[in-house]
Amino acid sequence: MQVVLGLTSLLLTMLILLHKGRGGGLSDMFGGGMTSNLGASGVAERNLNRITVILGLVWVSSIIVLGLITKFDTGL
Amino acid sequence: MFSAIARIFRTPDLRRKIGFTLGMVALFRLGSFIPAPFVDFNSVQQCLAATSDTSGLYELVNLFSGGALLQLSIFALGIMPYITASIIVQLLRVVIPHFETLYKEGQSGQSTLTQYTRYLTIALAVLQSTTLITVARSGALFGSSGGPACTQLLTNDAWYAIMLMVLTMTAGTGVIMWMGELITERGVGNGMSLLIFTSIAAMFPNSLGRIAASKGWGTLAIVIAIGLVVVAAVVFVEQSQRRIPVQYAKRMVGRRTYGGNNTYIPIKVNMAGVIPVIFASSLLYLPALIAQFNQPAPGQEPQPWVLWVTANLTGGGQPLYMALYFLLIVGFTYFYVAITFNPEEVADNMKKYGGFIPGIRAGRPTAEYLDYVLTRITLPGALYLGIIALLPLVAFSAVGADQNFPFGGASILIIVGVGLETVKQIDSQLQQRHYEGLLR
């Protein structure tokens, strides 16, 4: 389980870095600046989204399983 | 007003956007409660209950993560790495010419800059999560007031467990960043600032309840009343702007007429937003951090400068700290306005499109005039930022309320700023469909 968590964490970080960044920096973060809508995203981006969501689910569930293991089975 | 709210939900597009945003925010809050692996959830909760006031050192960071930091959850770092990364990238524009050219390049250059920010965010997340976990492992996270349970926060402190925790928290920061971007793309408002907004708002009930418990309901009522007044004042100042009239000359291009209309350049009183406050508090946090690292071994006399720093520069009530804080904010306001608004560029653009300010020649005189107006209008803006940021510190000594007085400083500026911005965006979406908006 720990290996799974380690692998998914690494992969998830990589995948998120692959995404195209939206929204530029601080200037439009705290008021000011106009946020331009960049239109629809391409097919690649959509597939990337799907993979990222699935990987994220695996990641969260492995964290929860690991937490449950450490809670109920201290002798592991 | 209420019919406008009903209309928001009758517009399918807007309804979907708002639903998406709310769902993401809910996921974000949910994740802040999942403890990271190998964290002893029970002893963390005990320590949180024991140390009711967060030690000043982590106050700001904890504020930005919505209390997730001290819970050592998977989203413990929150958006702080992203904020720091974007501040760094923005400041590097002044230092590195390559960044400046990228910034001026327009859409494609700016997306490269965003990409740099994202890489830097992950790097900072690794750094900060390592620091956080090391501090938690040594038992210093909750200070000395926590009791014996607080030194045993981790169930397993072998090297691979530490590695795994760092990896998990880094991935968590990445997920938050992605969620923020998704909100910006498909939801309403700017995702990152909405997530900050949520974190800060999530702290409100907690700290209000603490004030009620320790000082009674009368004080709570006073605090809320002061808060409302401050919010009204902040909205007033945030909306106020000086409008410099600009006249565009009428031009004929082919058979069409362009220009010939009157517009204005809006110059806001507080152009810098909250960023100076964030800068100043993170800079003032450095001496306290250095002093923390130079604490002597038990039984030894601390060095005199460490004593001086802890006596003068660590907390809210100290006059030197307040004075420095105020001065830094005023200075940073001017600095940041100078970075974001370039009078020469604006004057150049106006000249290119045949615009001029009545009574002032185009070109350099215009730039000088804009600079003059900007410098003068920033002064009240800077003073206002300083006063708002000092408010929690003053209230602390006056009402005797908690240090975590919720209506002041960075938090109120962020709440009001983000709220206004989001409402404006919903409003413009409504008006696109010929409906009357939320704002009059």
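We name chains A, B, ... by the order of the sequence lines, and we start the count at 1 in each one.
Counting heavy-atom pairs closer than 4.5 Å to chain B, the top-ranked of the candidates A:T52, A:V60, A:L15, A:L11 is A:T52.
Put simply, OG1 on A:T13 and CZ on B:R118 are 11.5 Å apart, with the number rounded to the nearest 0.5 Å. Atom CG of A:L12 is separated from atom CH2 of B:W178 by 8.0 Å, given to the nearest 0.5 angstrom. Rounded to the nearest 0.5 angstrom, A:L17 CG and B:Q115 CD are separated by 7.0 Å. Here A:I63 contributes atom CD1 and B:I34 contributes atom CD1; the two are 6.5 Å apart, rounded to the nearest 0.5 Å. Atom-to-atom distance recorded for A:S9:OG and B:M163:CE is 10.5 Å, nearest 0.5 angstrom.
Counting heavy atoms from C-beta on, the side chains of B:V175 and A:W59 come closer than 4.5 Å. Counting heavy atoms from C-beta outward, B:T170 and A:L10 have side chains that stay 4.5 Å or more apart.
Of the two parts of B:M271, neither the backbone nor the side chain holds a non-hydrogen atom closer than 4.5 Å to a non-hydrogen atom of chain A. Heavy atoms closer than 4.5 Å to chain A are found in both the backbone and the side chain of B:Y119. No part of A:V3 comes within reach of chain B, as not one of its non-hydrogen atoms sits under 4.5 angstrom from that chain.
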